[in-house]
Engineer: 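Before I ask anything, let me first share the structure, which is written out below as structure tokens.
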Amino acid sequence: MNQDQEFELFRSNYQRFLAEYVAPYYEQWEEQGLIPRELWYKLGENGFLCVDVPEAYGGYAAPVDYSLMLVEETARAGFTALAVAIGGQSELVSPYIQNIGNEAQKQYWLPKMVSGEVVVAIAMTEANAGSDLQAIRTQAIREGEHYIINGTKTFISNGRNADLIVLVAKTDSAQGAKGMSIFLIDAYLPGVSKGRALKKIGLHAQDTVELFFDNVQVPAEQLLGEENKGFAYLMQELPRERLSISMMAMGAIHGAIEITTQYVQARKAFGQYLSQMQNTRFVIAQAEIKAKAAAAFLQQCVDLYQQEQLSIPHVAALKCFITDTQGEIIDQLLQLFGGYGYMQEYPISRFFVDARVQRIYGGTNEIMKEIVARSLLGK
Ligand SMILES: Cc1cc2nc3c(=O)[nH]c(=O)nc-3n(C[C@H](O)[C@H](O)[C@H](O)COP(=O)(O)OP(=O)(O)OC[C@H]3O[C@@H](n4cnc5c(N)ncnc54)[C@H](O)[C@@H]3O)c2cc1C
């Protein structure tokens, strides 16, 4: 079997996994606002979490595109809330620990993340600090062999399920970017609590919550990397997060085109199939044309990432372009379903509501444009 065949076999195994363990239950999870823990164990058991982690830490040392493909396929099947969950674990947090963590942190957390025993969340955003992350108020004050942490985080994906919270806090409140640090926080420590599930317009199966830290005593060895270097680490790891969001966009675009293509060949109006009407044909053709352009840009960025050459402005351009494209395409495809497109029982409606946040999290698309502009025009 050559490499391409191996990759496609892995993809089809995962598609079967989604059909068996996710599709029948997803609506129930949407009602509960939670992906059950059993699913995390199943993902781990079947080798679908953090697949690029080295074997020494319980992983499979798979190339990064294997890991990204899982996120893409999940979104393509219409399960974007699960894609966000897996992306948070495998694409966001795992690289932080792999690249910045010390040996003890890697040995302790990574095998459990691969097996699904540990679910992770990354907590940066606060009520008054989203785009402007330097304005965070959560504080970590060193006292002997511990840090004492106080603060509140909001909009945290995987927040309810989280066993490990990767927390961004201020260790030097007199400084902005240069006073931030990252901590690996055991979610069961005294003083850590989780708020109610936030009600959202989409991603209904995602457990997005507030997190509270009330005099949490964190052992100093749970600092990730060096003190006050948190912002630099965030900058270093952001390309992977934005690549993952872009993968979700690509998967969702393809998934939405697939279900729309089926629908318009089955639905009739005025005695003919919708697929025979020029408007329908042009909308779908236009979606496919944009999808092909997006796929080429995305593949270029994946290749650059694998060569360790993906720059922050380049991936910002991708994230902005592909999530805008996702929004436009899915809006136009939904129109082809008429009133059924507005009904929750038609998956296109889920593609539509789940698409909206893609332009907001991971850095808003305005911030992406700012990054691109800065690369051309300076500050
Ligand atoms: C469903 C969901 C899941 C999330 N998951 C997580 C998570 O797991 N962990 C986490 O830490 N965060 C998470 N977030 C938070 C997300 O990253 C932030 O919402 C996002 O970064 C925007 O911050 P904000 O909401 O404070 O908006 P603001 O920063 O207040 O932005 C408001 C508006 O102002 C614009 N704006 C701000 N600054 C500028 C500027 N300089 N130039 C031009 N326009 C600007 C923005 O683009 C936006 O349109 C999540 C959010 C959502 C909705």
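Order of appearance sets the numbers: ligands from 1, and atoms from 1 within every ligand. Along the sequence shown, residues are numbered consecutively beginning with 1.
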Engineer: Is any side-chain N of the basic residue among E20 and R16 closer than 4.0 Å to the acidic one's carboxylate O?
Structural biologist: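 A salt bridge is absent here (no side-chain N lies under 4.0 Å from a carboxylate O).
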Engineer: With a 4.0 Å cut-off, would you call D163 and R37 a salt bridge?
Structural biologist: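 Judged by the 4.0 Å cut-off on N to carboxylate O distance, D163 and R37 do form a salt bridge.
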Engineer: Any Lys/Arg nitrogen of E210 or R196 sitting under 4.0 Å from an Asp/Glu carboxylate oxygen of the other?
Structural biologist: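 Salt bridge between E210 and R196, a charged N being under 4.0 Å from a carboxylate O: no.
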Engineer: How close does the nearest protein non-hydrogen atom get to atom 53 (C) of ligand 1, and which residue and atom is it?
Structural biologist: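 Result for atom 53 (C) of ligand 1: V357 CG2, 3.5 Å.
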Engineer: Would you check whether E366 has a nitrogen or oxygen atom less than 3.5 angstrom from a nitrogen or oxygen atom of ligand 1?
Structural biologist: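 N/O-N/O distance under 3.5 Å: yes.
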Engineer: Of all the atoms in ligand 1, which lie at a distance below 4.0 Å from a heavy atom belonging to I156?
Structural biologist: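 Once the distances to I156 are compared, the set is 7 (C), 8 (O), 9 (N), 10 (C), 11 (O).
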Engineer: Not counting sequence neighbours, which residues clear side chain to side chain contact (heavy atoms under 4.5 Å, CB included) with V216? List them please.
Structural biologist: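 V216: side chain to side chain contact (heavy atoms under 4.5 Å, CB included) contacts with I149, L189, V192, F213, V218.
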Engineer: Which ligand 1 atoms are under 4.0 Å away from a heavy-atom of M124?
Structural biologist: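 Reading through ligand 1 atom by atom, the close ones are 10 (C), 11 (O).
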Engineer: Is the shortest N/O to N/O distance between I122 and ligand 1 below 3.5 Å?
Structural biologist: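 It does: an N or O of I122 is found under 3.5 Å from an N or O of ligand 1.
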Engineer: Can any side-chain N or O of Q5 pair as donor or acceptor with the backbone N or O of N2 at less than 3.5 Å?
Structural biologist: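 Checked: pair present.
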Engineer: Below 4.0 Å, non-hydrogen atoms only: which portion of I367 touches ligand 1? Side chain, backbone, both or neither.
Structural biologist: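 The answer is the side chain of I367.
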Engineer: Is atom 12 (N) of ligand 1 in close reach of the protein, with a heavy atom under 4.0 Å away?
Structural biologist: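 Yes, because at least one protein heavy atom sits under 4.0 Å from atom 12 (N) of ligand 1.
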Engineer: Heavy atom to atom 31 (O) of ligand 1, shortest distance: which of S131, A85, G130, A121 holds it?
Structural biologist: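 Heavy atom nearest to atom 31 (O) of ligand 1 belongs to S131.
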Engineer: Are any non-hydrogen protein atoms located under 4.0 Å from atom 34 (O) of ligand 1?
Structural biologist: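 It does not: no protein heavy atom is found less than 4.0 Å away from atom 34 (O) of ligand 1.
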Engineer: Please determine, by modelled atom types, if E103 and Y57 share a side-chain donor-acceptor pair under 3.5 angstrom.
Structural biologist: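 There is such a pair between these side chains.
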Engineer: Any non-hydrogen protein atom below 4.0 Å of atom 28 (P) of ligand 1?
Structural biologist: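 It does: a protein heavy atom is found less than 4.0 Å away from atom 28 (P) of ligand 1.
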Engineer: Hey, mind stepping through R11 and E8 against salt bridge (charged side-chain N to carboxylate O under 4.0 Å, His left out) and telling me if it holds?
Structural biologist: CA-CA 5 Å; R11 186 197 298 276; E8 289 312 315; 2.9 Å; yes
Engineer: For atom 15 (C) of ligand 1, what is the nearest protein heavy atom, given as residue, atom name and distance?
Structural biologist: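 Nearest neighbour among protein heavy atoms for atom 15 (C) of ligand 1, to 0.1 Å: T125 OG1, 3.2 Å.
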Engineer: Knowing that exactly one of E237, K106, Q236 qualifies, which makes a side-chain hydrogen bond (donor to acceptor under 3.5 Å, both in side chains) with N99?
Structural biologist: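 By the side-chain hydrogen bond (donor to acceptor under 3.5 Å, both in side chains) criterion, N99 pairs with just one of E237, K106, Q236: E237.
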Engineer: Can you figure out which of L167, T364, V168 has its heavy atom closest to atom 22 (C) of ligand 1?
Structural biologist: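 Result: the heavy atom closest to atom 22 (C) of ligand 1 is in T364.
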Engineer: Below 4.0 angstrom, counting only protein heavy atoms, does anything approach atom 51 (C) of ligand 1?
Structural biologist: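 So atom 51 (C) of ligand 1 has protein heavy-atom neighbours under 4.0 Å.
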Engineer: List the residues meeting side chain to side chain contact (heavy atoms under 4.5 Å, CB included) with A19, not counting sequence neighbours, and say none if there are none.
Structural biologist: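 For A19 there are no side chain to side chain contact (heavy atoms under 4.5 Å, CB included) partners, ignoring immediate neighbours.
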Engineer: Think K153 forms a cation-pi with F155, using NZ or CZ under 6.0 Å from the six-ring centre and within 45 degrees of its axis?
Structural biologist: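 So K153 doesn't make the cation-pi contact.
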Engineer: S157 versus ligand 1: do any nitrogen or oxygen atoms come within less than 3.5 Å of each other?
Structural biologist: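 In this structure, S157 places an N or O atom under 3.5 Å from an N or O of ligand 1.
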Engineer: Starting from atom 20 (C) of ligand 1, locate the nearest protein heavy atom and write down its residue, its atom name and how far away it is, to 0.1 Å.
Structural biologist: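 Sorting protein heavy atoms by distance from atom 20 (C) of ligand 1 puts I360 O, 3.6 Å first.
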Engineer: Flag F155 as yes when one of its N or O atoms lies below 3.5 Å from any N or O atom of ligand 1, and as no otherwise.
Structural biologist: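 Yes; at least one N/O pair falls below 3.5 Å.
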